[in-house]
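Below: one structure, written as structure tokens.
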12 protein chains.
Amino acid sequence: MKILIINGPNLNILGSREVDVYGEKSFEGYLPILKNLFTDLSIEYFQSNWEGEIIDKLHDADKNYSGVVLNAAAYTHTSVAIADAVKAISIPVVEVHISNILQREDFRHKSLISPNCIGSIMGFGLYSYRLGVESLRIVKEN
Amino acid sequence: MKILIINGPNLNILGSREVDVYGEKSFEGYLPILKNLFTDLSIEYFQSNWEGEIIDKLHDADKNYSGVVLNAAAYTHTSVAIADAVKAISIPVVEVHISNILQREDFRHKSLISPNCIGSIMGFGLYSYRLGVESLRIVKEN
Amino acid sequence: MKILIINGPNLNILGSREVDVYGEKSFEGYLPILKNLFTDLSIEYFQSNWEGEIIDKLHDADKNYSGVVLNAAAYTHTSVAIADAVKAISIPVVEVHISNILQREDFRHKSLISPNCIGSIMGFGLYSYRLGVESLRIVKEN
Amino acid sequence: MKILIINGPNLNILGSREVDVYGEKSFEGYLPILKNLFTDLSIEYFQSNWEGEIIDKLHDADKNYSGVVLNAAAYTHTSVAIADAVKAISIPVVEVHISNILQREDFRHKSLISPNCIGSIMGFGLYSYRLGVESLRIVKEN
Amino acid sequence: MKILIINGPNLNILGSREVDVYGEKSFEGYLPILKNLFTDLSIEYFQSNWEGEIIDKLHDADKNYSGVVLNAAAYTHTSVAIADAVKAISIPVVEVHISNILQREDFRHKSLISPNCIGSIMGFGLYSYRLGVESLRIVKEN
Amino acid sequence: MKILIINGPNLNILGSREVDVYGEKSFEGYLPILKNLFTDLSIEYFQSNWEGEIIDKLHDADKNYSGVVLNAAAYTHTSVAIADAVKAISIPVVEVHISNILQREDFRHKSLISPNCIGSIMGFGLYSYRLGVESLRIVKEN
Amino acid sequence: MKILIINGPNLNILGSREVDVYGEKSFEGYLPILKNLFTDLSIEYFQSNWEGEIIDKLHDADKNYSGVVLNAAAYTHTSVAIADAVKAISIPVVEVHISNILQREDFRHKSLISPNCIGSIMGFGLYSYRLGVESLRIVKEN
Amino acid sequence: MKILIINGPNLNILGSREVDVYGEKSFEGYLPILKNLFTDLSIEYFQSNWEGEIIDKLHDADKNYSGVVLNAAAYTHTSVAIADAVKAISIPVVEVHISNILQREDFRHKSLISPNCIGSIMGFGLYSYRLGVESLRIVKEN
Amino acid sequence: MKILIINGPNLNILGSREVDVYGEKSFEGYLPILKNLFTDLSIEYFQSNWEGEIIDKLHDADKNYSGVVLNAAAYTHTSVAIADAVKAISIPVVEVHISNILQREDFRHKSLISPNCIGSIMGFGLYSYRLGVESLRIVKEN
Amino acid sequence: MKILIINGPNLNILGSREVDVYGEKSFEGYLPILKNLFTDLSIEYFQSNWEGEIIDKLHDADKNYSGVVLNAAAYTHTSVAIADAVKAISIPVVEVHISNILQREDFRHKSLISPNCIGSIMGFGLYSYRLGVESLRIVKEN
Amino acid sequence: MKILIINGPNLNILGSREVDVYGEKSFEGYLPILKNLFTDLSIEYFQSNWEGEIIDKLHDADKNYSGVVLNAAAYTHTSVAIADAVKAISIPVVEVHISNILQREDFRHKSLISPNCIGSIMGFGLYSYRLGVESLRIVKEN
Amino acid sequence: MKILIINGPNLNILGSREVDVYGEKSFEGYLPILKNLFTDLSIEYFQSNWEGEIIDKLHDADKNYSGVVLNAAAYTHTSVAIADAVKAISIPVVEVHISNILQREDFRHKSLISPNCIGSIMGFGLYSYRLGVESLRIVKEN
């Protein structure tokens, strides 16, 4: 079972960006820990600041992965195109967020992507990814 | 570590209510399965259709539990009083929903309770509760 | 054929409350008149100011009555939980209102409960209940 | 006691129009059944797709009928002019709708005409007309 | 100089309709008084409850009159079609209202027709027509 | 194959009305040119400023034509009744507009009729009608 | 009969300000012409750019004039205080505007002052004042 | 003169709840101080987290008290039912709030209950109750 | 302890203005009564219809008074400038209103000034000022 | 005459994506059929999921093509940048959509691009492209 | 070249007012520094808390200055009258703000004055004035 | 001191695009003039139509430049991702616009990027860039 984690814009600088909101750990630093928790799974990681590249990757994932854990970051709130891509593919996509987006600015309260995902997990810091991978395993196994 | 699961209005008739949305299994039927998955935890369950009773229970939980998994159901969208209670207590509360509330009627898109919870999980059917308990264990252990 | 009439908050003080809007007759005073008009039916009556108690009663009615005439009063405009309960049960529910809610304050124009009822009747004073019972009989007989 | 039933636009093709919403029976087919139920009343019927003609008829009814059962159909949601006509005349007007307009498109949720009617009845299919006539008889007799 | 006064829906029953708002005098009763005040002008009068007929009359007026005094009544607030007709013709149109529409229901606050008229006069009772005719004479003479 | 072109209010004075928006050619002047382009089709033309008459014509067209090209003009933005009529009939209706309605006033941006048409074409001047007829031929042939 | 004309902010520079909207004539230049038209009346004129001074003047007018013609200019759209002053005094106040405020920016469409005036006249250029004075004479004489 | 103080949801845990907003003193701790200030009055206290119980208490108070000081807390913003109860009874009700609700979240800015109270007092911490009792005494004495 | 009472626009004509809303007593008539109730305090009074003068006075009060009781009247709803002045000074300001502004027009429901005051009191007629002075004394003493 | 067809995000997977909305045919499969219908024109095709690449292509098209048929897909509703690019170039751009966007989710009802196109065609499935090419030929020839 | 700097309400107490937002320096303290930077220009300064006085000054500036640097402070968000005055005069007006108004309360996000200024500069503290004067010099010189 | 100027979409065709709004000079033509004005600074220039590329560049600038002058063009109004990137980096970013965006279409009135910039300058044509560079120098030097 192969799972792809996709991170959207500005998540490449996690750890240095707004540390009071996002914490001081980079995702690259967290990834080995995450992989160790799920040694029975193949977990791959992709990050891009480019909306179009994320869409291309989602199309590509449809053929090569069992499911996607997607943190679309800022594009969560503005990208109908990514939301359409999530809907267009047939593998399950789980939406995750590091912070609780409902505790932040109004424009972050609305997710265009949620309605097309099988489920959403937010607010648990980097553990949101762990719960996201877990949720895909549960869904796949049941 | 003691965890309390609180279910809000109409979740006592889960299994017979709108089965295309909520599935055919009652929560009482699922509870033993859930407990079996977390044998190291003490999990208790409470359901009420009464807003005031849920508030009383949250106040009470503050002294007697390590955390709460809360599915406030319809009160998610209308109860400032329950949201205030979640904020007023000091143990962590995780919000869960069986369905993906963003795929349903407009009035279900807004959660008054989310901003006061440590995190939210929705859309995974009854597995949302499993992920909710899991998230509390992760938060408590880290 | 057993029919349950449920009255929501503040309808227990009908007759003394805002008499220019609701009239001077209490519902308890009207009930015998109503029963006399439908001697072939068994009509029972329940009133509560408590949202949760109304939900409990609706769940209960599903097993014990042929239909419900519901005047949810103020909860008409605020209770997603009662609306969910109406949707969750399988017997027909008819919504009634004493006054024409569209002639009153803006916040009374919107009924959360209407979409889940088989039909709505409003504005005929206490006769709205008579028409409500009548409508249940027609629906059941046809 | 003479009662006039007025049907608005597209109700002349009832029975062939969107049968899943409005049913397969034409109003012309239902009218004799309705008259048989109220043999003590004189019931007349008028239908028009023309807003102005409905206003003319309402003015005319003021002198010649005891009351009106009005299904303004699409004009319910757009015609201030018909609403004004209902308000301008002195005989009672009851609003009826075949479907539950609150279960349909947003633009059908608002009735401009309701505030000027003595009462509203909706969602009971063609039986809404029967209840409408019944309500006029009750109001007149009491 | 020929002037056409056009009255919209329900103004044919002025004098009997909502007398607290519109007064007890019919327009037909006022017309001779108005004509006497402007003996140098030819004043004609047209009333219709039909939106389409008012549009036809406006098209027709473009060839046969020097200006129009228009009280579109309820159509003021709903008819883009009449507003378009006013814009489409080249003679000046003055908008008049008997009542002060800004003191009444919200839906009467907005005039679709105003932006296409040379000016608007409202709130002076039947004297609004007198001021409307006067305004056309002033505009024409200057 | 018989096609009916229906033009709504104020399109009878095309050519003299707001020539900067609608051009200087009347529809009557364009009709022979249009017919010459589609000699294999029978094209008939109907114009009315009356909402009710357009509804009657649409009902009538259902039995006598293969499809309708409809420019409802101002009624596009206000007539639920015409939109209902389009939905109620079974032949295909194509919506056309001479101007690009999204470049004009806000109240012209919303079409109530679009959702019930098989397709919409706007902004090509009188050529919109040509494309509308063409589209009906394509839809019918495929 | 003494009439006071009150002009609000920026009307002191009429004639040099946005001449395409307001024309090239100053109000001071127009005043003698206006007085000549109403030689039987005593007309006085007051202009201020200060909201408070206009309120003071309105209070003062209540004791010293028979009526007020008020062009509150920009304060029309923002001053609840002037609107309250108009309501607080007992002499009739007529609202006038040089331009048709409904043809201009959105924020000029709403008049806070209209609901408290006996009537409104707008769009006739400087003739609006003439019609305003005329309307006061008519109201006073009838 | 008997006065009833009613506190709504979560006010039972005042003193431990969000102490930066509500302070560190419980209401139970403050009550004796308050009673000492008004030794000529009989002051009783009631708290509930249950909307229905507050309504019942208001009905009951109508017969047994001279006035009510009501802090409906979260129900201030959501309960039409409590607002209706306040309107339905005939003794004066004064609304109080510990914090200045206009300095907090948007959903706390709107009070459904205010329009039915004789007056409102907010922002003075626990002193709001003292001013509330004082205001009832003043109103009763004058 | 010196307290300044500031009254905003149109409160100089209290007693003659809309007596059903504001009562028949002028503030000047009430002031001696108020002073008699607080003989231990020095109370001064200032009224202006001018927004700028009220701002100047607030700046001035910061150096010369212990606190301000402010009824900004109409400026309550429109003046960001007065709200800024209240925020800019360091002495406590209490907002008072004679009427219950939430029972009146929509545009009076919103106070721009409330968030910057220590507390608000409204609806008690002229007694609101008495409670306002009382509240300042309590705040100062505690 | 060279025409460029530009397809936006997710249209590269047409035929496998939401087949009930978009049909089972890929655009690549349709392109030869389209070219055969317009053998006198040179038709080229470009697709990208990247907003920036579409803008680059539009700039480029300005120098190398006679016109563009643009289906911006999801970017239709979110991209001011593409709308600006359409406005910035001088060749005609026709907007096309496969589905009737007004029959779908609310966020698809608004096109940012329409106001800058010469015209729009939507709802005819893949035939929308055929009508789009046709419309460019008509516009160019006339 | 003479330049006038106009400061609106509450800017006379800069330095003592909300120092975390506006800094600790008064404008009077900054003015000599500013003049020293532009020794080739004549810079004059005017401050008022009175809306009307600012309008008078703008009218006056039109004859006596080459340009205006305007910080209308709170009036930025509420004064149509000042915005009209800026539009009515012919010399260039540059809008400046000390703070970044888009980082503050919602009601400060909207500037009524911006659309009538040649440009806007905000967020640079007192340096905004320096950039404002600089911009006027550039505009005048080019 | 190294400064980076970043231009967003469609600014590469400045000079040929909507010349009435943006002028006839390309930015490339203006750049040498700008550099000549600031010979003590190192100014570099970057333009992209790609949202993702602008984000990458902002991340990169954080390490290599002292500050950024950013004209995000259309992305100003739609890109939460660029706004996040501006917030995520630690060097100062100044927002500039050639035109006064508040004088243009409604959707250009809102800047998502402003709240994260140290300041904003708009409306001075290409001089906005000069003022932007100047402002960075001032901020850095003070």
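Note that the structure is predicted; figures quoted are calculated from it, not measured. Hydrogens, waters and symmetry mates play no part in the numbers below; they use all other heavy atoms, side chains included. In the text below, chain A, chain B and the rest are named by the order of the sequence lines, each starting its count at 1.
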When rounded to the nearest 0.5 angstrom, what distance separates CG in D:L112 from NE2 in E:H77?
11.5 Å
Below 4.5 Å, heavy atoms only, C-beta onward: do E:N49 and D:E51 meet side chain to side chain?
no
Nearest heavy-atom neighbours spanning E:P9 and D:I55:
CB-CD1, 4.1 Å
Decide yes or no for E:R108 and D:D84: does some side-chain heavy atom of the first lie under 4.5 Å from some side-chain heavy atom of the second?
yes
E:E53 versus chain D, the contacting section by heavy-atom distance below 4.5 Å
neither
Are D:V80 and E:Y75 packed together at the side-chain level, in the sense that at least one heavy-atom pair is separated by less than 4.5 angstrom?
no
